[in-house]
Amino acid sequence: MALKRFSISLDNELLKRFDDIIKRKRYNNRSKVIADLIRNYLVEEEWKFEDRDSIGTINIVYDHHKRNLLNKLTEVQHKYHSQIVSDTHVHLDHNNCLEVIIVKGKTGIIKKVAEDIIKIKGIKFGKLSIATKGKEL
Ligand code: NI
């Protein structure tokens with residue numbers, strides 16, 4: 001991989017805060033952090049295009065006693081069976097469950113799957129985490 005050097009002009013105070021975090025996190029140098037930030041930004045930008053192939057996870061927390069919730073959740077997952085890669089269930093306590101659903105496909109459909117799952121009545125927490133298949137990074 002060819003490396004290229006470039007310089008950045010930053011507000012003094014901003015740079016100080018940045019360096020404090022780098023020190024706290026024990027990164028060896030700024031370059032790695034800047035590269036990570038840029039890659040994150042590229043992945044976020046990729047998700048703005050509905051027709052890109054990507055991958056992500058949907059994290060949900062719910063009370064499994066809620067009437068109809070499990071039926072609805074299964075129904076939605078069957079509807080999008082082509083996009084759903086796997087589903088991991090963790091029993092958190094007597095009432096609460098955490099599920100991590102891995103979804104793959106066009107970003108537009110993945111967003112729709114996440115929306116349809118998160119809006120199910122009784123879901124206490126729901127979030128789509130965007131990831132990337134890693135090409136071009
Ligand atoms: Ni459970």
Inset, instruction - Take Trp47 and Ile110 through the side-chain contact (heavy atoms from CB on, under 4.5 Å) test and state the conclusion after the steps. - result: CA-CA 10 Å; Trp47 275 75; Ile110 292 180; 3.7 Å; yes
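- Ring orientation note: the planes of His65 and His94 are tilted relative to one another, at an angle of 30° to 60°.
- The side-chain contact (heavy atoms from CB on, under 4.5 Å) search around Asn68 returns Asn71, not counting sequence neighbours.
- Summarising the local packing, NZ of Lys111 is surrounded by more than 12 heavy atoms from other residues, nucleotides or ligands at distances under 6.0 Å.
- A donor atom on one side chain and an acceptor atom on the other are found under 3.5 Å apart for Gln77 and Asp87.
- For the pair Asp36 and Arg39, the salt-bridge criterion is met [side-chain N within less than 4.0 Å of a carboxylate O].
- Of the inter-residue distances, the one linking Glu99 atom CD with Ile123 atom CD1 reads 8.0 Å to the nearest 0.5 angstrom.
- In this structure the side chain of His89 never reaches within 4.5 angstrom of the side chain of Leu98, judged on heavy atoms.
- Rounded to the nearest 0.5 angstrom, Arg5 CZ and Leu3 CG are separated by 8.5 Å.
- Of all heavy-atom pairs spanning Tyr80 and Lys112, the tightest one is OH-CG, 3.4 Å.
- Counting non-hydrogen atoms of other residues, nucleotides and ligands closer than 6.0 Å to CG of Asp93 gives a total above 12.
- A distance of 12.0 Å separates CD1 of Ile60 from CG of Leu128, quoted to the nearest 0.5 Å.
- Glu115 CD to Ile120 CD1: the interatomic distance, rounded to the nearest 0.5 Å, is 12.5 Å.
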Legend entry - Steps toward side-chain contact (heavy atoms from CB on, under 4.5 Å) verdict (Asn96, His64): CA-CA 6 Å; Asn96 295 297; His64 71 97; over 6 Å; no
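- Side-chain contact between Lys72 and Lys121 is absent, with no heavy atoms from C-beta onward closer than 4.5 Å.
- For the pair Leu15 and Arg30, the minimum side-chain heavy-atom distance is below 4.5 Å.
- The environment of Lys127 atom NZ is sparse: at most 12 non-hydrogen atoms of other residues, nucleotides or ligands sit within 6.0 angstrom.
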Inset, instruction - Walk me through it: do Thr57 and Ile101 pass the test side-chain contact (heavy atoms from CB on, under 4.5 Å)? - result: CA-CA 5 Å; Thr57 59; Ile101 304 162; over 6 Å; no
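- In this structure the side chain of Phe49 reaches within 4.5 angstrom of the side chain of Arg52, judged on heavy atoms.
- To the nearest 0.5 Å, the span separating SG on Cys97 from CG on Leu70 amounts to 7.0 Å.
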Inset, instruction - Starting from the C-alpha separation in whole Å, work towards a yes-or-no answer on side-chain contact (heavy atoms from CB on, under 4.5 Å) for Tyr62 and Leu73. - result: CA-CA 11 Å; Tyr62 59 85; Leu73 189 56; 3.9 Å; yes
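- Annotation: side chain of Ile22 is in contact with side chain of Asp19 (closest heavy-atom distance under 4.5 Å).
- Using a 4.5 Å heavy-atom threshold, the side chains of Val103 and Ile55 count as separate.
- Looking at heavy atoms from C-beta onward, Asn28 lies out of side-chain contact with Lys32 at the 4.5 angstrom threshold.
- The residues Lys16 and Asp20 are annotated as salt-bridged, a charged nitrogen and a carboxylate oxygen being separated by less than 4.0 angstrom.
- Side-chain contact between Lys106 and Asp53 is present, with heavy atoms from C-beta onward closer than 4.5 Å.
- Expressed to the nearest 0.5 Å, how far OG of Ser54 lies from CD1 of Ile109 amounts to 12.5 Å.
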